[in-house]
Amino acid sequence: MEPILEPRDSAVLNRRSLIGRLRSSTHSMIVISGPAGAGKTTLVRTWARDEPQVRLLSISRHHNTAVSLLNAVVEAVGGAPHQGDPDNMPVWLDQLARALAAAAFTPEQPCRLVLDGVEAVSDAQARQLLRDLVENVPPALQLIVTTRQRSPDWISRSRACGFVMSIKADELRLGPSEVQSLLGDNVHEDVQRFDGWALGVGLVAAVGGAEAEEAIRDFLRSEVMGRVTTEVRHLLYAVSIAGEVGPALAIHLTGNSAAGEVLARFAATTQFATVTEGPVFKLHPVLVKYLTDELATEQWESYAALRRRHADWLARQDRLDESIRLYIELGSGAEARAALLTHWQRCVLSGDAQIVRCALGHLPPEQLAADPRLCMVMAMVNIASGDMFEGQRWIDVAEAHEDMDMEPGLPVGVAIEVARRFVLALTTGSMPDGAVDHPLHGLWSAIFELSHGLCSVWSGEYAIAAARLRRAEVAARVSGDHLALVHALAGLALAQALDGDSHAIESAEEALTMAGRLSPGCGWTTANAFLALAVVHLSAGSKYRARAAANQALTSLRGVSGHLEQQTRVRALAILGTAEEEDERDTSARRQVLSSRERRVLTALSGPLTLREIADELCVSRNTVKSQVSSIFRKLGVHDRTAAVAAARSWTSDQQERGAHAVSVRHRPAGGRTRPE
């Protein structure tokens with residue numbers, strides 16, 4: 001049975017809609033179904049308080065026979081106990097009808113009999129009695145049944161005939177405003193914790209948080225966990241550890257291949273679990289707290305083992321920051337470092353360097369600085385984010401402890417040398433003397449070839465650069481290094497563009513397409529792709545497109561340190577300057593080829609006159625003006641009058657500046673001082 005909770009003041013007024021449905025319903029039967037603690041009893045008792053025609057019968061194990069149940073029903077409506085056989089339905093129905101009439105109940109003003117908790121009735125004869133009562137309910141009687149069963153079989157016929165109105169668990173759930181009215185002002189934490197659970201909210205409202213805690217735990221222990229099998233219990237522990245799970249994670253945590261199906265059945269029978277699309281299984285916050293507390297205090301080994309499995313799962317799903325946090329909370333620093341060294345590459349190479357940065361932030365600083373492998377991971381994270389200065393700093397820290405392998409077959413010293421070459425290539429466009437005399441593979445091979453390829457581009461060795469960058473592309477594709485792949489394709493596009501290769505645009509567009517898979521912080525890797533497009537467009541005479549691409553190259557480098565890709569910045573600025581100079585030369589040349597009559601027409605176009613009015617002003621025909629306007633448009637490279645007017649104003653301004661400059665020169669004395677007027 002559910003505890004009876006008296007809500008504060010007028011808190012139940014928020015349930016007016018449900019009480020209104022109970023009061024106005026004309027159905028012969030109303031079924032209120034929901035799991036334990038859903039608030040069924042609270043609802044009917046609140047309604048009964050103000051309804052004189054309501055009679056409330058709380059069903060218990062003492063009513064689990066046909067005789068005891070029939071006697072309780074007849075007595076509830078004011079009749080004397082039934083002395084006959086409960087199987088003789090006409091007799092006891094007649095006695096029930098006479099009892100209703102004696103109490104002045106009529107079909108217009110029926111007795112509303114609440115049978116609260118009928119799930120306690122399990123005896124076959126008693127259930128048959130309920131079925132007979134439901135299917136032959138007297139006109140002066142309306143039944144209201146509360147039950148934990150979603151659809152009791154003994155009312156199925158009446159439900160099919162449309163004689164039953166239902167109120168289900170979702171409708172019983174308390175909303176935030178109802179919780180607010182019950183708990184008062186400081187409810188933000190409790191609203192989230194109880195998530196509409198009526199019994200929990202009611203207990204806290206009645207006796208306070210501290211006193212209610214033990215009562216809530218007792219309820220969950222007896223009514224929820226006390227009714228599940230060991231299999232379900234283990235699954236619920238796993239869900240409480242992970243917060244929410246899909247079938248794959250549940251199987252990983254428990255080894256139970258039927259985990260998804262078992263959890264779905266549990267969710268279908270309790271308000272303490274839900275299944276969303278995916279499917280994703282989630283427990284009620286109150287049950288999560290109970291389970292995690294119980295598991296951590298009573299079964300620490302199982303608790304720790306589940307959390308380790310969850311941390312392993314998170315690392316495999318590229319949620320490395322969450323995984324490392326769990327390992328550190330368990331005091332497993334060695335496992336945290338091992339997970340970082342195993343899984344960091346996949347996150348960084350896919351452009352999610354920030355996830356690895358957060359994961360490293362969970363480690364104690366002294367552990368991070370003492371392990372050269374982790375220092376190199378931090379260096380690569382900063383390089384991927386475009387912070388070459390910080391990347392170089394961590395390389396220097398790693399160099400002090402390089403007497404171990406970065407990964408199997410690769411000494412830390414070799415990784416340091418490769419990373420240092422990469423930083424130099426990106427910042428100065430140069431390469432140090434000497435060679436790396438060690439076989440490289442994976443991302444290390446990709447960034448080594450990329451470093452040499454970029455340096456060859458800036459030294460003008462375009463064929464060598466293309467060959468190096470092709471090798472970098474292959475190594476990046478094999479290792480899954482999306483970051484190096486974008487950079488290699490962008491560098492290849494630039495080498496091809498500077499060498500006049502027609503495939504430059506194709507390589508640049510592929511680099512920009514691949515960059516869409518990276519995080520926004522890795523946008524700097526596309527700078528050379530935009531620069532390649534600028535070179536190609538400038539060579540083709542499309543100065544507008546060249547300017548746009550050069551500006552995009554500079555924009556992609558805006559959020560990173562100024563010395564990163566300095567050669568790219570210089571070349572992009574040079575292209576912008578060249579395009580502007582060519583624009584000025586073209587404009588000046590166009591203006592010089594205008595005839596004196598075309599110049600007069602161009603000046604007239606700046607005013608409000610129509611073409612006919614301009615023709616009258618210049619004493620020529622309208623067709624002559626139209627012909628001259630077309631010639632002006634062609635020579636200025638414009639397509640409408642507005643653009644021509646803008647060109648006219650610019651031309652007039654240039655003329656005035658030239659005139660002013662000429663006047664100042666004519667009036668300047670030999671000593672260089674301007675003559676006063």
Side-chain angles (χ1 to χ4, degrees), residues 315 318-321 324 340-363 368 372-398 406-407 410 412 415-428 440-451 453-454 469 472-473 475-491 511-512 514-529 556-566 568:
D318 295 339
R319 293 162 64 180
L320 199 56
D321 51 343
I324 301 306
L340 258 169
L341 293 170
T342 301
H343 299 288
W344 73 272
Q345 285 193 19
R346 192 167 60 247
C347 294
V348 171
L349 304 188
S350 62
D352 290 328
Q354 190 59 33
I355 290 178
V356 183
R357 190 192 301 277
C358 292
L360 289 164
H362 292 306
L363 295 177
L368 179 58
R373 299 168 300 173
L374 295 176
C375 292
M376 282 304 300
V377 172
M378 181 63 90
M380 298 305 293
V381 166
N382 283 285
I383 292 171
S385 302
D387 192 342
M388 298 298 126
F389 176 80
E390 193 67 13
Q392 182 63 59
R393 188 175 76 83
W394 280 102
I395 290 174
D396 294 340
V397 175
M406 180 70 197
E407 56 189 56
L410 180 71
V412 168
I416 290 172
E417 180 62 26
V418 172
R420 180 172 284 115
R421 286 171 176 261
F422 190 43
V423 171
L424 283 172
L426 294 176
T427 53
T428 67
L440 300 174
H441 56 85
L443 80 98
W444 306 103
S445 174
I447 63 175
F448 177 80
E449 296 293 348
L450 181 55
S451 304
L454 291 174
L469 292 167
E473 177 193 352
R477 291 187 188 277
V478 170
S479 64
D481 188 344
H482 294 153
L483 204 60
L485 177 58
V486 171
H487 214 164
L489 289 170
L512 295 175
M514 294 293 294
R517 304 178 184 179
L518 304 179
S519 65
C522 300
W524 62 273
T525 57
T526 62
N528 285 332
S556 67
L557 296 172
R558 185 175 297 164
V560 294
S561 54
H563 57 282
L564 173 62
E565 297 282 22
Q566 189 59 39
T568 302

- Query: Shortest non-hydrogen contact from L320 to A315?
  - Reply: CD1-CB, 4.1 Å
- Query: Got L440 and L410 here, is their nearest side-chain heavy-atom distance under 4.5 Å?
  - Reply: yes
- With side chains defined as the heavy atoms from C-beta onward, is the minimum distance between M406 and V377 less than 4.5 Å? yes
- Task: Check the pair H487 / L454 against side chain to side chain contact (heavy atoms under 4.5 Å, CB included), numbers first and verdict last.
- Result: CA-CA 10 Å; H487 214 164; L454 291 174; 4.0 Å; yes
- Output yes when a side-chain donor or acceptor of S350 lies under 3.5 Å from a complementary backbone atom of C347, and no otherwise. yes
- Item | Straight-line distance of I383 CD1 to W394 CH2, nearest 0.5 Å | 13.0 Å
- Message: side chain to side chain contact (heavy atoms under 4.5 Å, CB included), that's the test. Do W524 and L426 meet it? Break it down for me.
- Response: CA-CA 11 Å; W524 62 273; L426 294 176; 3.9 Å; yes
- Task: Measure the CD1-CD1 distance between I416 and I395 for me, rounded to the nearest 0.5 Å.
- Result: 8.0 Å
- Closest heavy-atom pair, A353 versus V381, reported as atoms and distance to 0.1 Å, is O-CG1, 3.7 Å
- Message: Can you give me the closest heavy-atom contact between D318 and I355, atom names plus distance?
- Response: O-CD1, 3.8 Å
- Message: Minimum heavy-atom separation for G480 and L349, please, with both atom names.
- Response: O-CB, 3.9 Å
- Note on the structure: Nearest heavy-atom approach of V348 to A384 is CG1-CB, 3.9 Å
- Task: Could you tell me the separation between the CG atom of L557 and the CD atom of E565, rounded to the nearest 0.5 Å?
- Result: 6.5 Å
- Passing candidate, side-chain hydrogen bond (donor to acceptor under 3.5 Å, both in side chains) with N382, options Q392, R357, E390, R393: R357
- Item | Gap separating the CG atom of L450 from the CG atom of L489, nearest 0.5 angstrom | 10.0 Å
- Note on the structure: One should read off an interatomic distance between M514 CE and L485 CG, to the nearest 0.5 angstrom, of 4.0 Å
- Write down the atom of A515, the atom of V486, and the distance for their closest heavy-atom approach. N-CG2, 3.7 Å
- Step by step, work out the side chain to side chain contact (heavy atoms under 4.5 Å, CB included) result for V418 and I447. CA-CA 7 Å; V418 172; I447 63 175; 3.6 Å; yes
- Query: What is the distance from atom CG of L443 to atom NE2 of H482, rounded to the nearest 0.5 Å?
  - Reply: 13.0 Å
- Flag the pair L363 / L340 as yes when at least one side-chain heavy-atom distance between them is below 4.5 Å, and no otherwise. yes
- Pair R319 + D352, salt bridge at N-O below 4.0 Å: no
- Task: With the side chain counted from C-beta on, respond yes when M376 and E407 share a heavy-atom pair under 4.5 Å apart, and no when they do not.
- Result: no
- D387 and V560: side chain to side chain contact (heavy atoms under 4.5 Å, CB included), yes or no, with the steps? CA-CA 6 Å; D387 192 342; V560 294; over 6 Å; no
